[in-house]
Amino acid sequence: MKNKISVLIEKAVNSCVQQKLLGAVDLPYIEVEVPANHDHGDYASNVALILAAQAKQNPRKIAQIIQENLADPENIIARTQIAGPGFLNIFIKENIWQQTLQFIEEKKENFGRSFLGNGKKVQVEFVSANPTGPLHIGHARGAVVGDVITNLLTTVGYAVSKEYYINDAGNQMNNLGKSVLLRYRELLGEKIEFPETCYRGDYIKDIAADVIRKEGNVYFTLDEGKTISYFTGIAGQSILEEIKIDLRDFGVTFDEYFSEKELYKNNGVTKLLDKLQKQGFVYINEETQWAGTSGYGDEKDRVVVRKNGEPTYFAADIAYHQNKFSRGYEMIIDIWGADHHGYMPRLWAGIQALGHDKNELKIILVQLVNLLRGGVPVAMSTRSGEFVTLREVLEEVGKDAARYNFLMRRSDSHLDFDLEIAKKQSNENPVYYVQYAHARICSIMRMAQQEHGIVLPVYKDINPALLNEPEEMTLIKLMARYPEVIEGAAKSLEPHRITFYLNELASVFHSYYNKNKVISDNKELTAARLFLIKAISIVLENALKILGVNAPEKM
RNA sequence: GCGCCCAUGGCUCAGCUGGAUAGAGCGCCAGACUACGAAUCUGGAUGUCGCAAGUUCGAAUCUUGCUGGGCGCACCA
């Protein structure tokens, strides 16, 4: 609808120019917005204000000229008005709004889908936590944001792949193996001092105990280096399996798990660095290889190969992103914890050196979560083993409440996550507000069918003109806007817009419900209203599905 | 010291990329179930959009400076 209006205005402006009513102007694109105030119409455009500067005419005058030349071939406009400094306000006919209900019925679960992405291949990489311990609450937010961004992009027609990058080649992993070894020896009776760098969570002990159960004490005396790499392997694998299970129960799955080790096979990283060196991006200085990232806006150049000959994480990351592009993705989205923001210019420099445009890589920063219990902060530290795991959150507050809570704010703003509130089934917890609206609709429809023997109506059997209560018009307009909300959320990669939309839709519905009876003696009206609430339930389901949150029929 | 992000009612946050009278939720006060689910609804109070300039028809939104907070600034990942 919005697009339609935009096109009509554009045509009107062009027509005015042709008729020399307006001087030649170049207009970038027509802004149409939904005004906050209903008196300002269903849509409003500021074209006249934009053109005023170019045309050097009074904006209200221009608006009037456009208004007079506004063609309406489909007969959808009820009236137009010029207001304020020169806004063109447009009111759509009620019956046109009412007809959008038919569209929702036709589309059903596809209402809101579009072809905006045109099948473009996109990859979203997220979570990507080292398999050195179970996922904690901090990872959970990134997991949900990544998952929902993927759903959003899929909904608007992108071909999206979800990937988890396993950082299994660095020091951290070595520390993991060492930690298991120390626990292993401790369990076998040795007295152990744990260094700062070691992981001390109970899960380490479990893994060590498992080794003893299966293989006994054979590693007690074996060569330490070999044992550590062996322990690193089994620990990493077992932890990764746990991570996958936790994520699955959180509703998050991946299409690919990509191991950092993969990049080093066949000297992949070295070969790439050689190539970049020939290109001049990588250079050697004092036995160290550097990448000239400062040439692309980074604050200084970065080491890619250390003095000891080992490549840095960054070197592998350039190779990783080259690998991603080589798999044919036209857009790559990385989701990071906000504490990594300083790394962005470096990586952008890297992909530009690879010959890609900076905006082919979008980086979403997810702020860290402030975990509270009843208003009191909960301290966390992976190494010491003091943390609240994703698993614990799932068990305590449930998947739906957890996911919804993580989606209520923009991802780059800090989020307080209070366990006590998140598990409360009360009005402090917005997820139930939305789910309740859905359950309520289902309940009414059940009642209509079972108690009143009503067959749920289809559009052609109802008289949509009966849906003319103010709340009904508001609901219809709100639903008609849904596809635009999805597109906007997808374009800006901002999932939180959906939760705000849902909250608004649920709110208008609840209010409507309390004021008007759906089921009444008036059969025609009952049918129309049943159809209306059915449409609402479709929109609620579609939106909740994108969020990965259930739309329960009963609660 | 340098860089990035943030600052909006008592609290937690939106604000559609520059629009018209700045909005929600929570909390607080007062009300609504012999009618489809009260996990709901109705009404009420609360603002120098951190401060100061600038850009223009128009600024919470863009620019600059300042104040206050978070985070980065590795041959860690």
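Just so we're on the same page: letters track the sequence lines, and every chain starts at 1. These values consider heavy atoms only, across backbone and side chains, with no hydrogens, waters or symmetry-generated copies.
Residues A:D42 and A:K477 are paired through a salt bridge, judged by an N-O separation under 4.0 Å between the basic side chain and the carboxylate.
Judged by Watson-Crick or G-U wobble contacts below 3.5 Å, the nucleotide B:A52 has B:U64 as its partner. When both distances must be under 3.5 Å, the Watson-Crick or G-U wobble mate of B:G3 is B:C71.
Across B:C71, B:U42, B:C75, the shortest atom-to-atom separation from the side chain of A:S511 is found for B:U42. Closest approach to the A:S413 side chain among B:C13, B:G37, B:A77 is made by B:C13 (side chain taken as heavy atoms from C-beta onward). Side-chain atoms of A:N130 lie closest to B:A77 of the nucleotides B:G15, B:A77, B:C36. Side chain of A:L49, nearest nucleotide from B:G37, B:A77, B:G19: B:G19. Side chain of A:E299, nearest nucleotide from B:A14, B:U12, B:G3: B:G3. Taking every side-chain heavy atom of A:E33 into account, B:A20 is the closest of B:G37, B:A20, B:C41. With B:C16, B:U21, B:C13 as the candidates, the nucleotide lying closest to the side chain of A:R497 is B:C16. Residue A:Y343 places its side chain closer to B:A77 than to any other of B:G37, B:C73, B:A77. In the set B:C75, B:C57, B:C36, B:C57 carries the atom at the smallest distance from any side-chain atom of A:P85.
Using a 4.0 Å heavy-atom distance criterion, A:H510 is classed as a sugar-phosphate-only contact. Using a 4.0 Å heavy-atom distance criterion, A:A44 is classed as a base contact. Using a 4.0 Å heavy-atom cutoff across all strands shown, A:M555 reaches at least one base atom of the nucleic acid. Counting non-hydrogen atoms under 4.0 angstrom, A:A437 reaches nothing in the nucleic acid.
Between the OH atom of A:Y512 and the C1' atom of B:C36 there is a distance of 11 Å, given to the nearest Å. Rounded to whole angstrom, the span from the CZ atom of A:F500 across to the P atom of B:C13 amounts to 10 Å.
With a glycosidic angle more than 90° from 0, B:U64 adopts the anti conformation.
The side chain of A:Y432 places no N or O atom within less than 4.0 Å of a non-bridging phosphate oxygen (OP1 or OP2) of B:A39. Considering only side-chain N and O atoms, A:H340 lies nowhere under 4.0 angstrom from the phosphate OP1 or OP2 of B:A74. When the side-chain nitrogen and oxygen atoms of A:R440 are compared with OP1 and OP2 of B:A38, one or more of them lie within a distance under 4.0 Å. At the phosphate of B:C16, neither OP1 nor OP2 sits under 4.0 Å from any side-chain N or O atom of A:R481. Between A:S507 and the phosphate of B:A24, there is no side-chain N or O to OP1/OP2 separation shorter than 4.0 Å. The side chain of A:Y313 contributes no N or O atom lying less than 4.0 Å from OP1 or OP2 of B:A74.
Here the options are A:I533, A:I444, A:I441, the test is side chain to side chain contact (heavy atoms under 4.5 Å, CB included), and the partner is A:Y513; only A:I444 passes.
In this structure, the ring of A:Y343 has its center less than 6.0 angstrom from the ring center of A:W336.
The base of B:A20 sits within donor-acceptor range of the side chain of A:N89, with an N or O pair under 3.5 Å.
A:S179 contributes no side-chain N or O that, together with a main-chain N or O of A:C198, makes up a donor-acceptor pair within less than 3.5 Å.
The cationic group of A:R141 does not satisfy the cation-pi geometry with A:F417, failing either the under 6.0 Å distance to the six-membered ring centre or the 45° limit from the ring axis.
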